[in-house]
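Working notes, structure below.
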Amino acid sequence: MKVYKFGGASIKDALGVKNVAHILQQEGASNCLLVISAMGKMTNAFENIINASINNDQDKLTESIDLTINFHTKIISGLFQDDHKIHQKVTILFGEMIHFLAENTSKEYDYLYDQIVCYGELLSTIIVSDYLNEFGIDNNWKDVRELVITDAVFRDASVNWKETEQRIKTYIDSSKLTIVQGFIGGDSNGNTTTLGREGSDYTAGIFAYCLDATNVTIWKDVLGVLNADPREFKETQLLNKISYEETIEMAFYGASVIHPKTIKPIQNKQIPLYVRSFNDFNSPGTKVSSGIIIEPIVPCFIVKKNQVLISISTRDFSFMVEENISDIFRLLHKYQLRVNLIQNSAISFSVCVDNNFNHFDQFYDEIKFIFKVSFIKGVDLYTVRHFTKNSLNEIHNLGSSILSQINKNTAQIIIQKK
Ligand code: ADP
Ligand code: ASP
Ligand code: MG
């Protein structure tokens, strides 16, 4: 069985959905499991609904719900006749979401987030599934919340592999084309959970592992894995081959082409992963497998924007010892601040963190009583794998380098833009 994943960019409009049908027609759709994420940038749009609901802002709530309804209505109008049953199915899903928002009394942001954001994936998959059926590609739509079972850590759930594998093996008919939602899962209480933003790639990895897939293809708006994000760097090169380890390293440092958790499960079973272009589906793309580390060997650039660089020292100028560092990490963990770089000296400890969950200010309010703390918000962390002198100069020219760390294969430089 093969696993295909189509992300938001591939199905951002009716033409995109039609293109998916053409890819399946050319590549063969039987023995295939399709993981699909929300259409276009719909996850961001559903996040606006959640924020409006939490803030009790009725006008914004109506406006943001209307935006998501109009977006999906436009796509289905471009794909189906007016009397097709999809119109009713979409209306029912929106009705369910609006009802949930009206009845919900929980102010727990992360819980509400997962219960609402999942509609992006539920809508996209029913639309694609019905369209493919119309097109003549028969398929089974499944609710992934009954297959990918997780703990109840909303917005960052961990997979219960044993339960998930058992359910996937039981309920997926490998001779058919099956369509599931990426990114979302279900906990043992029947609540929806999510695997972290951009988590649909990971869902593809989960299914590939559980189904012992022959290969996985992630269809993207780029030719494959490039040596840098084309949105950030002018000249990029396609990597023809790259090892699992190298891909994990790149994703770990922030290459947003593949979700970092995707690779490990497929590496464990040595399942090859292809990253191919949905616009240019005759190109071979990138093959991720074991063996060759990277081909061609070129410096690879990764940037993580909008980081916070925190410098911490003891209040009494004593040395930073294990106990201090353990206190710091306890708080970083408590406030979900993901550490991307660490540097320590005898009297100070610096960390560069993501502030995705917007908990930095709370972290600061607590840690400032224990340590002397300074911070710089809004810095960019550049990582260069397989660096050369020229590639590092290129980064240094982008602004002032406020911290750098170099080891054998990887250079990391924090830049404050002018
Ligand atoms: P999806 O539609 O699956 O959600 P994403 O937008 O998440 O796709 O990922 C594709 C994007 O990843 C590309 O458009 C590109 O801008 C970005 N990207 C970041 N780093 C790389 C890289 N090293 N190679 C290719 N694309 C990259
Ligand atoms: N729709 C989700 C997101 O935008 C998951 C994904 O696209 O992978 O984060
Ligand atoms: Mg994505």
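Throughout, residue positions are numbered sequentially from 1 according to the sequence presented. Since the structure is predicted, the reported quantities are computational estimates derived from the model, not experimental observations. Order of appearance sets the numbers: ligands from 1, and atoms from 1 within every ligand.
With Tyr335 as reference, Glu366 is the one residue of Glu366, Arg330, Gln362 to meet the side chain to side chain donor-acceptor pair (under 3.5 Å) rule.
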For this session: List the steps, then state whether side-chain hydrogen bond (donor to acceptor under 3.5 Å, both in side chains) holds for Thr193 with Asp114.
Result: CA-CA 5 Å; Thr193 56; Asp114 285 1; 5.4 Å; no
For this session: Please test Gln307 against Asp354 for side-chain hydrogen bond (donor to acceptor under 3.5 Å, both in side chains), starting from the C-alpha separation and ending with a verdict.
Result: CA-CA 5 Å; Gln307 304 282 295; Asp354 274 328; 2.6 Å; yes
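Taking the Mg ion (ligand 3) as reference, Glu198 places its N/O/S atom OE1 nearest.
The protein residues lying under 4.0 angstrom from ligand 1, judged by non-hydrogen atoms, are Lys5, Gly7, Gly8, Ala9, Glu198, Lys220, Asp221, Val222, Gly224, Val225, Leu226, Ala228, Asp229, Pro230, Arg231, Ser256, Val257.
Relative to atom 3 (C) of ligand 2, the option among Arg197, Glu121, His259 with the closest non-hydrogen atom is Arg197.
Near Phe183, meaning under 4.0 Å from one of its heavy atoms, ligand 2 places the atoms 2 (C), 5 (C). The Thr43 neighbourhood of ligand 2 comprises atoms 1 (N), 2 (C), 3 (C), 4 (O), with distances under 4.0 Å to a heavy atom of that residue.
Note: Phe135 and His22 meet the aromatic proximity criterion, with ring centroids under 6.0 Å apart.
The closest protein non-hydrogen atom to atom 6 (C) of ligand 2 is Ser200 OG, 3.3 Å.
Between Gln267 and Lys264, the side chains place a donor N or O and an acceptor N or O closer than 3.5 Å (distance only, hydrogens not considered).
Phe360 and Phe375 have perpendicular rings, their planes meeting at more than 60° on a 0 to 90° scale where under 30° would count as parallel.
Using a 4.0 Å cut-off between charged nitrogen and carboxylate oxygen, Lys377 and Asp361 count as a salt-bridge pair. Salt bridge annotation for Glu165-Lys169: present, with a cationic side-chain nitrogen under 4.0 angstrom from a carboxylate oxygen.
Residue contacts with ligand 2 do not include Gly120, since none of its heavy atoms lies under 4.0 Å from the ligand.
The neighbour count for Lys12 NZ, taken as heavy atoms of other residues, nucleotides or ligands under 6.0 Å away, does not exceed 12.
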